[in-house]
Amino acid sequence: MSAAQPATVPLLVIHPLIVRVTHWLNAVAIVIMIMSGWKIYNASPLFGFTFPGWATLGGWLGGAIAWHFAAMWLLVVNGLVYLAYGLAGRHFLRSFLPIGPREVWRDLKEALTFRLVHKLGTYNAVQRLLYVVVLLLVVAAVVSGLGLWKPVQFQGLVGLLGGYELVRRIHFVAMAGIVGFTVVHLALVAIVPSTLWAMITGRARVEVAAREVE
């Protein structure tokens with residue numbers, strides 16, 4: 001005869017070390033690139049506004065460019081490590097796929113009505129979509145950034161993207177999207193602070209279904 005045991009809440013590894021390290025390195029690189037990028041933008045604005053000096057990095061245009069490209073190489077190398085792990089270790093498949101419009105719409109409605117349940121170690125459909133979109137935005141930012149950095153050497157790429165001025169706008173839109181993702185990400189961390197500790201330690205207490213024993 002079997003008896004149901006009480007549900008346990010074990011301390012489990014939900015974020016492997018390589019995911020945590022690449023996450024924090026990406027965070028540092030992106031913050032540096034955003035702040036130095038705003039300084040570079042201020043030197044030749046695309047639109048009728050500039051960013052406040054306190055939100056920029058580099059002090060002057062040359063310094064901002066140096067910071068920007070140093071962070072770019074960190075982002076690229078770190079991103080390649082994360083990409084290799086995500087593909088070889090099936091991290092992408094487990095964490096971000098599948099993404100269906102029905103599931104996204106369902107989770108979005110629940111999030112907007114504050115009924116969406118967050119489970120540590122599990123991404124809902126909206127989160128999966130946002131992570132995939134921000135990865136594509138980072139790729140767009142790097143590719144367009146190469147065109148801005150070496151427009152002569154990468155003239156084929158610049159031409160493919162529609163010309164230098166359009167490349168500048170693509171880079172700006174990609175940056176704006178990354179900033180938007182960062183704001184949403186930080187807001188979610190503020191709402192569910194346990195996600196921050198889990199990303200630091202890699203461990204969290206996750207409820208599992210009760211088991212039956214003989």
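The structure presented is a predicted model; accordingly, all values stated were derived computationally and were not measured. All values below come from the heavy atoms of this structure, side chains included, with hydrogens, waters and symmetry mates left out.
Distance check, rounded to the nearest 0.5 Å: CE of Met35 to CH2 of Trp67 gives 10.0 Å. Note that CD1 of Ile40 and CZ of Phe69 are 6.5 Å apart. Values are rounded to the nearest 0.5 Å. Here Leu17 contributes atom CG and Tyr85 contributes atom OH; the two are 10.0 Å apart, rounded to the nearest 0.5 Å. Rounded to the nearest 0.5 angstrom, Ser144 OG and Tyr164 OH are separated by 11.0 Å. Interatomic distance, Lys150 NZ to Gln155 CD, rounded to the nearest 0.5 Å: 13.5 Å.
Here Ala55 pairs with Trp38, Pro52 under the side-chain contact (heavy atoms from CB on, under 4.5 Å) rule; sequence neighbours left out. Considering only residues two or more places apart in sequence or on other chains, Leu46 meets the side-chain contact (heavy atoms from CB on, under 4.5 Å) condition with Tyr41, Glu165, Arg168, Arg169, Phe172. Residues that satisfy the side-chain hydrogen bond (donor to acceptor under 3.5 Å, both in side chains) test with Asn26, not counting sequence neighbours, are Asn78. Judged as a side-chain contact (heavy atoms from CB on, under 4.5 Å), and not counting sequence neighbours, the contacts of Val81 are Ile18, Thr22.
The side chain to side chain contact (heavy atoms under 4.5 Å, CB included) test with Val28 is passed by exactly one of Ile32, Val31, Ile30: Ile32.
Clustering ILVMFWY residues whenever any of their side-chain heavy atoms sit less than 4.5 angstrom apart, transitively, puts Leu146 in a cluster other than the one holding Leu160. No continuous path of hydrophobic side-chain contacts links Val173 to Ile178 [ILVMFWY only; heavy atoms under 4.5 Å]. Follow the hydrophobic side-chain contacts under 4.5 Å out from Leu75 and you reach Trp73 in the same cluster. Hydrophobic clustering, with ILVMFWY side chains joined whenever heavy atoms are under 4.5 angstrom apart, groups Val139 together with Ile170. No single ILVMFWY cluster, assembled from side-chain heavy atoms under 4.5 Å apart, contains both Leu186 and Leu25.
Through direct or relayed side-chain contacts under 4.5 Å between Ile, Leu, Val, Met, Phe, Trp and Tyr, Val77 connects to no other residue. As a member of the Ile/Leu/Val/Met/Phe/Trp/Tyr network built from side-chain separations under 4.5 Å, Val152 groups with nothing else and remains a singleton.
Here the side chain of Asn42 pairs no donor or acceptor atom with the backbone of Thr50 at under 3.5 angstrom.
Here the shortest heavy-atom pairing between Leu57 and Lys39 reads O-CB, 3.6 Å. When all heavy atoms of Leu61 and Ala43 are compared, the pair lying nearest together is CD1-CB, 3.8 Å.
Between His171 and His68, the ring planes are perpendicular. Angles over 60° get that label, and only those under 30° would be called parallel. Between Phe49 and Phe47, the ring-plane angle classifies as parallel under the 30° and 60° cut-offs.
Within the 4.5 Å cutoff, no side-chain heavy atoms of Leu157 are placed close to those of Val167.
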Trp149/Ile65 under side-chain contact (heavy atoms from CB on, under 4.5 Å): CA gap, chis, key distance, verdict: CA-CA 10 Å; Trp149 177 36; Ile65 291 174; over 6 Å; no
Show, in sequence, the C-alpha distance, side-chain angles and deciding distance for Phe181 and Leu130, and conclude whether the side-chain contact (heavy atoms from CB on, under 4.5 Å) test is met. CA-CA 7 Å; Phe181 169 84; Leu130 288 175; 4.1 Å; yes
Does the side-chain contact (heavy atoms from CB on, under 4.5 Å) test come out yes or no for Leu161 and Val143, once each step is laid out? CA-CA 10 Å; Leu161 295 177; Val143 171; 4.3 Å; yes
